[in-house]
Amino acid sequence: MTFGKGSHLHLIDGSAFIFRAYHALPPLTRKSDGLPVGAVAGFCNMLYRYIEANTGSDAPTHAAVIFDYSGKTFRNDLFPAYKANRPPAPEELVPQFPLTREATRAFNVSCIEIEGFEADDIIGTLSCQAREAGGRVTIISSDKDLMQLIGGGVEMLDPMKNKRIDREGVEEKFGVGPERVVDVQALAGDSVDNVPGAPGIGIKTAALLINEYGDLDTLLARAEEIKQPKRRQALIDNVDQIRVSRDLVKLDCDMVLDFSLDSLEVQTPKLDDLLAFLAKMEFRTIVKRVSERFGVEAPAIPDVPAPAAAMSEAPSAPKPVPFDTETYEKVSTMGALERWIDAIYARGYVAVDTETTSLDEMQAELVGISLCVEPGTACYIPLGHTIGEDDLFGGSNLVDGQLAKSMVLDALKPVLEDDSILKIGQNMKYDAKIFARNGVTVAPYDDTMLMSYALHAGLHNHGMDTLSERYLDHVPIPTKKLLGSGKSMITFDKVEINKAVAYAAEDADVTLRLWQVFKSKLHTEQVTTVYETLERPLSPVLARMEMAGVMVDRDVLSRMSNAFAQKMAGLEAEIHDLAGENFNVGSPKQLGEILFDKMSLPGGKKGKTGAYATGVDILEDLASEGQDLPARVLDWRQLSKLKSTYTDALQRFINPETGRVHTSYVQTGAVTGRLSSTDPNLQNIPVRSDEGRRIREAFIAPKGRKLISLDYSQIELRILAHVAGIDSLKQAFRDGLDIHAMTASEMFGVPIEGMDPMVRRQAKAINFGVIYGISGFGLARNLRIPRSEAQGFIDRYFERFPGIRAYMDDTVAFAKEHLYVQTLFGRKIHTPEIATKGPQAGFAKRAAINAPIQGAAADIIRRAMVRMPDAIRDLPATMLLQVHDELIFEVDEDACDQVIDVVKDVMKNAAYPAVVLDVPIEVDAGIGNNWAEAH
DNA sequence: GACATCACG
DNA sequence: GACGTACGTGATGTCC
C-alpha cells in the first residue's frame, strides 16, 4: 500500500522501550547459560502488548521501531561534550541491544537504525515525509526532544502515562508551540544531554522571552533591549553557545533514507519466526501467551539447567554447585588458556582475581591470575611463582611449568579490555591497578565489594571472607593458611603452585557466586542506581588518582623532623625536671600517675582499664589553672604526633619509582558513603594548627605546574536546610549570608553587623551539633558551658527552626521502622542498632540523624568526581586527592584559571539532575605551589 | 591486639 | 528516672 492520505504511521522510540524494560524488571537471565535477557523480555512484552492494543479501527497502517546507533553522531562534531555526561549503558544491557533488534524483526515490525544519527533524527525525517504525503503520525515516546515535531497530523503518545500529546500538550510543557520548542530548548539547555544553553535561563524564562520577541534570532538580535540585566547579559555573553545549542536540539528532518515509507507497511507476524525467537530466549510465559492467542502449539523449551550441573546433578535438584577445590584447573599451556578465553567470550562475563607479592599495588608484582566463568568452573594461571632466595642480580628462580607472563597478558588483554565482556572482581580497583601497571586497562567491571556496600552499608564489612560466609554459607581457604602471619609470613610467589590453584581459583569462584547473588538483590533492594552511579563508576576514577600520586618534597619533611626532634628533647628535659623524675612522656599511664598520684592534681580515674585519662581536654584544664607540666606535655604531644605520623612516616611512603606518594582510597571505608584514605591517610594532614599546617608545604607540584584546591562551602548545612526544608536557612544561603552569624542573630535577636565573635562561635557549635544529632551534654562539653545553658540554646534553636526538630524526629522514626536511613540520592545506611535498648540506642539515634546529611554530601562529591575525568579530558590537569569536601588537582600553571572554572562548574552542579537542591552550592578555590598555599 | 590519643572533614 | 552522649574516619605508641 502506498503511503498517503488515510495512512497512519506509528514510530516507536526503541531505546526508550529498552531502558524502561531494563529498569522495570529484575535482572532475568537465560536459564541454560545465564545470558542476561531481562530487558529483552520486557521489550518483547511491551511490543506484544502494543501490537495487541493496536488492532482496532485506529490501527496504524505503517509502523517501525527506531533505535539509536551506538557511537558518535554528527552532533559530537558540533559540540564534543554533547551527551558527554551520560553514564555508559549498564554492562548486562550491552549484549541485549542486538537482541532487541532481533526481537523487533521476529515480530515482523520494521527495525531501523542508521550510523551517525540518533533515533530522534530518523523519527523526525519519517514524520516530515509522512506529513508531506498527507498521512498521520503517532510517535510513541515520552522524549521531550521530539515535541518539536508535533502538529500537522503528527502527535505523540506517552506510553508510560498512556497520554496523547498534541499542540496543547507541547504548550503546556514548553510555554510555546512546537515551531518554537527548539528556540526554547536552545536557551534553556539540557543537562541530561549536556546541551549548554544560556546560564541561568530555564524553560519558563526562555518561553517568556521567545513569546515576547517572536523567535530566537529576533531575540538574539535585540538582546540589548531585555530589561532584566541578568537575562540580558546571559544572552549577550552566550550568543554562540545558544546557537550551537539550537543546532544540537534541532532534529535533522532531511535525512536521505534508502527506504520509502511504503516499505514500513504493517505486516502480520510470522508465527513460526516469532515463536522460534521467543523459545530461543527461553521466555516461557510469552511463548505460552502467544501460542494460546493464535491457537498453535507452543514450541518446547528444554528445561535444562546449566550444562555442567546437568552432568553431576539430577535435573530435579536445582541445588547450587558445591565448592570443590579439587576441580579447579591449573592453566599451564597456551592451548588451555585459549579454551578459557573461548569460554569467556561464549559467556560474556568472567570473574577475575590476581595474586601478587604485596598489598601495595604500586609495588606488587603479578604472581598469578584466576578466572571463573560459572560457579565451580574456575582456573588459576601461575605466572611468577619462585623458589629459594632471589639471586644477587635481582633475578629469581621461576618454578617450572608456568606460562610466560607476557604471553598470558597479551592473550588476556583483548578480553580484559573488551567492552562487551564484563569483568567481575572483589575489590577490583586493586586488580585493575595491577593490570594497569602491566599495560592492561580492565574495563568494564563490576565489583562485588561495591555491590555489597550499596546493599549492606552499616550491616557488616564487605571483605570476601565476610561475604562468602554470609551469602554463600562457605568459608574460603584463609590467607593465613597459605602465607602464615607476622614475621614468618611469606609472599604469594613462594606458595606452592598446587596450593595456590585451590586458593586463588576459589576466590574467583566465590566472587562469581557473590556477583550472581548481589546482582538481583541490587534490584530488589532498589539500590541499582546507587551502585551504578555512585559506586561502580567511581572505582576507576579512584584508581587513576591513586596511580597519579602526589609529589612530596622529602627534604622539607626531613628538615621538619629534625627540628621537631630537637624541640621535643628540650621539652622532655623540662617535663622530667618539673616531675622530679624521668618517665616516658608518651605513656598516658605513667603520665597519669605523675599528675594525679605524685602531684595530686585534681582529676579522676576513668575507663575500663582503670588508668587515668590524660586526653587533651583534661590537660588543657590543668594548664589553664597555671600548671606548667601538662602544658609542656601538650606541646610535646603535638610535636610527637606531627613527627611520628607525618614528617617521619610520609617519607617512607614516597615511592622510589615515581618519587610520589600514592594513597589508597577505601571506597567502602565509611558507612555514610564517605571515602577513607590509607597507607598513608592523606585525609588527615594537619591544617588547624600553624605548626601542623606547615607539613602541607611538603606537598608540591612539579616545575611548571601548580596545585589547586576546590572545596564545598558549608555543604552539610546546605543539605540540612534542603532536607529539613528550613526556609530561613535556605534564604540565608541564597543571600550569601554568614550562616553562623545569621543563626546567632535568629536565636539571640542580635544584629549580624558588629556581632560578638563569642556569640557567633556558639551558634556555629550549635549548627555543627545539629548535624551530629545534638545533645545538651555534648554541646556543653564542646562550648565548656554549663549543661543547663547548653540545653537552653538547643531549646531556643528548635523554637526558631522547628523544621529541624521535625527532620530529626522523622529520621529517627524512619530508622526505627525500616532499620535504615537514606540519602537524597537513594544510598541506604543500615542502622540495626536503633532497635536495641540501652546506651547504644543513643549512639544509633545520632548516627541515624547524621548519616543522611554526611551521606548526601559524600554522594555529591562522588558525582562530581565521576564526571571529572570527562570534564577535564582536554585540559592539562590531573585529579589527585579527595578530602571529603575538597578536591586537589595538579595543573599546568598557565591553565589554572580555566581548570578552576571547569571543576567549579562540575562540583556546583554535581547533584543535578538526580536532585534539584533548593539551596545554592558554593565552591571556593585556591592556587599554590604547595598544598598550604592552595588550600 | 586492645586502648588511648589525636590528626582531618 | 537514670544513663551517658556530639557524626565519620586512620595511624601511632604503649602495654599486656
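In this text the structure is predicted, and so the values were computed from the model without any measurement. Chain A is the first sequence line, chain B the second, and so forth, proteins listed ahead of strands; every chain is numbered from 1.
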For C:dC15, does either OP1 or OP2 sit under 4.0 Å from a side-chain N or O belonging to A:Gln590?
yes

Can you see if the side chain of A:Ser640 gets near the phosphate of C:dT12 - specifically, an N or O under 4.0 Å from OP1 or OP2?
no

Distance-only donor-acceptor test, A:Arg846 side-chain atoms vs C:dG4 base atoms, 3.5 Å
no

Using a cut-off of 4.0 Å on non-hydrogen atoms, how would the nucleic acid contact of A:Val687 be classed: base, sugar-phosphate, or nothing?
sugar-phosphate

Are OP1 or OP2 of B:dG9 and a side-chain N or O of A:Arg688 less than 4.0 angstrom apart?
yes

Is the ring pair A:Tyr453/A:His462 parallel, tilted or perpendicular, if the boundaries are 30 and 60 degrees?
perpendicular

How close or far is atom P of C:dT5 from atom OH of A:Tyr772, stated in whole angstroms?
18 Å

Sugar-phosphate only, base, or nothing, as touched by A:Asp885 at under 4.0 Å among non-hydrogen atoms
sugar-phosphate

For C:dC15, the Watson-Crick or wobble counterpart (both distances under 3.5 Å):
B:dG1

Atom NZ of A:Lys641 to atom C1' of B:dA4: distance rounded to whole Å?
10 Å

Taking A:Glu933 first and then A:Arg696, would you say they form a salt bridge - that is, a charged N and a carboxylate O separated by under 4.0 Å?
no

Could you give the distance separating C:dC3 and B:dT5 at their P atoms, to the nearest angstrom?
24 Å

Re B:dG9: Watson-Crick or G-U wobble partner, both distances kept under 3.5 Å, found to be C:dC7

